[in-house]
Amino acid sequence: MQKLWQKGKALSLPIVVSASLISGTLLVNNIPTVNAAATKELLQLSGQTTYYGEVENGQPNGRGTIKWSEYKQYSGDFVNGKRSGTGKYMNQYTDADGQHHKVVYNGTWSNDTMSGKGTQTEKVTQSDGMIRSNQIQVGTFQDNGLQNGYQVIHAVADPDYSFTYKNGKEVLNILHSNQDLVQRWQQGELFSANYKNGSVQKEYSMFPEEVATKERQRQAAIKYLKGITAKVTPHLQQFEKLSKQVPLK
C-alpha cells in the first residue's frame with residue numbers, strides 16, 4: 001500500500017513589527033490598547049503572513065497565532081520567534097493531482113519543528129469529493145516526523161487499513177481490516193504481518209507459498225508470531241481504537 005502522506009512544513013521567517021507603540025499605547029487598526037503584563041501585538045511578517053499574540057523584543061514570544069494564509073496557521077507557544085512548547089498546526093492545500101489535503105498536528109514543538117508528544121492527522125479528498133485516505137499518527141515526534149508510536153491509515157484499498165507501531169528497534173506492520181485483530185493474530189489469519197525487533201524478523205501473508213521451503217518459512221513465522229500474542233495485544237487493541245478516528249466519510 002502506498003503511504004499517502006505529505007508533511008506541510010512552515011519556515012521560520014524574518015519578522016517586521018507593523019504595530020506602532022506611542023507613549024506606551026499599542027495602536028492596531030487605530031484602536032488604542034493599554035499595555036498589560038503580557039502585551040499582545042499584531043505583527044506583519046513577510047508577504048501575507050501575520051502574527052497576533054505576545055511579543056518580546058519585536059518577535060513572537062509566549063502565546064500567539066501565526067497565519068501564513070487563510071488555510072495555514074499555528075496557534076500556541078513561541079520562544080524567540082520560533083514555535084516551541086505546545087501548539088496546534090493546521091494546513092490545507094491541493095496537490096498537483098487535484099487532491100485536497102487537510103493536515104492537523106496538535107502537540108509539542110521545539111525550535112520550529114514537531115518534537116515531542118503529539119497527534120497528527122491527514123485526510124486526502126479527491127476532486128470528486130470522495131475521501132481517498134484518512135490517517136492518524138500518535139506518539140513521539142522528532143524533526144517533523146513520527147519517531148515512536150502508532151500510525152493507522154484507512155484508504156480506498158484492499159485491504160483498507162494499514163497499521164504500524166514502532167518503538168526503537170521494534171517495528172510492527174499489519175495490513176488487514178480493523179476487525180478482530182487479536183483473534184486474527186492468534187489464528188495466523190491476517191492479510192499480512194511483519195514484525196521486527198533487533199535481529200528478529202518474522203513476516204507472512206495470508207497466501208500460501210508455492211515453493212515448499214518458502215511455505216515452511218511462512219508457517220514458522222506464523223508460529224512465532226502466535227507465540228508473542230500477549231506482547232502485541234495492547235498494540236492491536238490500540239490499532240482498533242485509533243481506526244475509529246479515521247472514517248472515509
Side-chain angles (χ1 to χ4, degrees), residues 1-7 103 105 107-108 114-124 131-248:
M1 174 184 295
Q2 182 180 5
K3 182 177 180 181
L4 303 171
W5 183 58
Q6 175 180 353
K7 297 187 184 72
V103 180
Y105 172 80
T108 307
M114 296 179 286
S115 295
K117 292 184 178 180
T119 298
Q120 179 169 279
T121 60
E122 180 172 7
K123 181 183 288 186
V124 181
I131 298 174
R132 182 180 180 185
S133 68
N134 199 355
Q135 78 160 313
I136 185 169
Q137 295 179 319
V138 178
T140 303
F141 289 75
Q142 183 176 340
D143 297 330
N144 291 323
L146 183 66
Q147 185 74 12
N148 293 301
Y150 297 89
Q151 174 181 275
V152 176
I153 302 175
H154 188 190
V156 180
D158 185 19
D160 54 349
Y161 282 91
S162 170
F163 304 99
T164 299
Y165 167 76
K166 54 183 177 179
N167 183 22
K169 296 182 179 181
E170 184 179 23
V171 180
L172 171 62
N173 290 291
I174 293 174
L175 293 178
H176 200 69
S177 72
N178 66 334
Q179 302 292 321
D180 303 321
L181 288 178
V182 175
Q183 178 182 352
R184 297 303 181 188
W185 180 282
Q186 290 176 322
Q187 297 174 351
E189 295 178 347
L190 294 168
F191 184 88
S192 70
N194 187 313
Y195 178 79
K196 299 178 183 179
N197 193 358
S199 61
V200 175
Q201 181 172 352
K202 303 294 181 180
E203 62 181 323
Y204 78 89
S205 77
M206 65 180 294
F207 303 105
E209 297 286 350
E210 294 183 358
V211 179
T213 55
K214 291 186 176 181
E215 177 59 17
R216 285 195 294 271
Q217 292 174 354
R218 190 180 80 92
Q219 291 296 334
I222 291 174
K223 182 179 180 179
Y224 177 89
L225 295 178
K226 285 181 178 180
I228 62 170
T229 297
K231 180 178 182 179
V232 302
T233 291
H235 307 317
L236 302 177
Q237 293 172 336
Q238 181 70 350
F239 287 154
E240 290 193 21
K241 180 181 178 180
L242 291 174
S243 72
K244 294 179 172 60
Q245 301 182 42
V246 287
L248 294 183

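For N173, the side-chain contact (heavy atoms from CB on, under 4.5 Å) partners two or more places apart in sequence, or in a different chain, are T164, V171, N194. Judged as a ring-ring contact (aromatic ring centres under 6.0 Å, His included), and not counting sequence neighbours, the contacts of F163 are Y161, F239. With sequence neighbours left out, Q147 forms a side-chain contact (heavy atoms from CB on, under 4.5 Å) with Q142.
Taking 4.5 Å as the limit, every side-chain heavy atom of Q219 sits out of range of all side-chain heavy atoms of K223. R218 is listed as a side-chain neighbour of P208, based on a closest heavy-atom distance under 4.5 Å. Residues I174 and L236 form a side-chain contact, since some pair of their non-hydrogen atoms from C-beta on lies under 4.5 Å apart. For the pair H176/L181, a side-chain contact is recorded, criterion being any heavy-atom separation below 4.5 Å from C-beta on. Taking the side chain as every heavy atom from C-beta outward, L248 and N134 approach each other to under 4.5 Å. Between E170 and K231 the shortest side-chain heavy-atom distance falls below 4.5 Å. By the 4.5 Å heavy-atom criterion applied to side chains, T108 and S115 are not counted as neighbours. V103 has its side chain out of reach of Y105: every pair of non-hydrogen atoms, C-beta onward, lies at least 4.5 Å apart.
With values rounded to the nearest 0.5 angstrom, I228 atom CD1 is found 9.5 Å from T233 atom OG1. Note: T119 OG1 to M114 CE = 11.5 Å, rounded to the nearest 0.5 Å. In this structure, CG on L242 lies 12.0 Å from CD on Q237, to the nearest 0.5 angstrom. Considering CD of Q135 and NE2 of H154, their distance stands at 13.0 Å, rounded to 0.5 Å. Separating the CG atom in N148 from the NZ atom in K117 is a distance of 11.5 Å, to the nearest 0.5 Å. Going from atom CG of N167 over to atom CG of N197 covers 9.0 Å, rounded to the nearest 0.5 Å.
Aromatic pair Y204/F191: centroids not less than 6.0 angstrom apart.
Nearest heavy-atom pair across L225 and W185 is O-NE1, 2.6 Å. When all heavy atoms of V152 and V246 are compared, the closest pair comes out as CG1-CG2, 4.2 Å. Here the closest heavy-atom approach between residue K166 and residue L146 is recorded as NZ-O, 3.0 Å.
Side chain of E215 to main chain of E209: a donor-acceptor pair is present (N/O by atom type, distance under 3.5 Å, no hydrogens or angles).
For residues 208-238, the pairs satisfying ring-ring contact (aromatic ring centres under 6.0 Å, His included) are Y150-H235, Y165-H235, with sequence neighbours left out. A side chain to side chain donor-acceptor pair (under 3.5 Å) check over residues 238-248, counting only residues at least two apart or in different chains, returns the pairs N178-S243. Evaluation of the salt bridge (Lys or Arg N to Asp or Glu O under 4.0 Å) test over residues 173-200, restricted to residues two or more places apart or in two chains, returns R184-E189.
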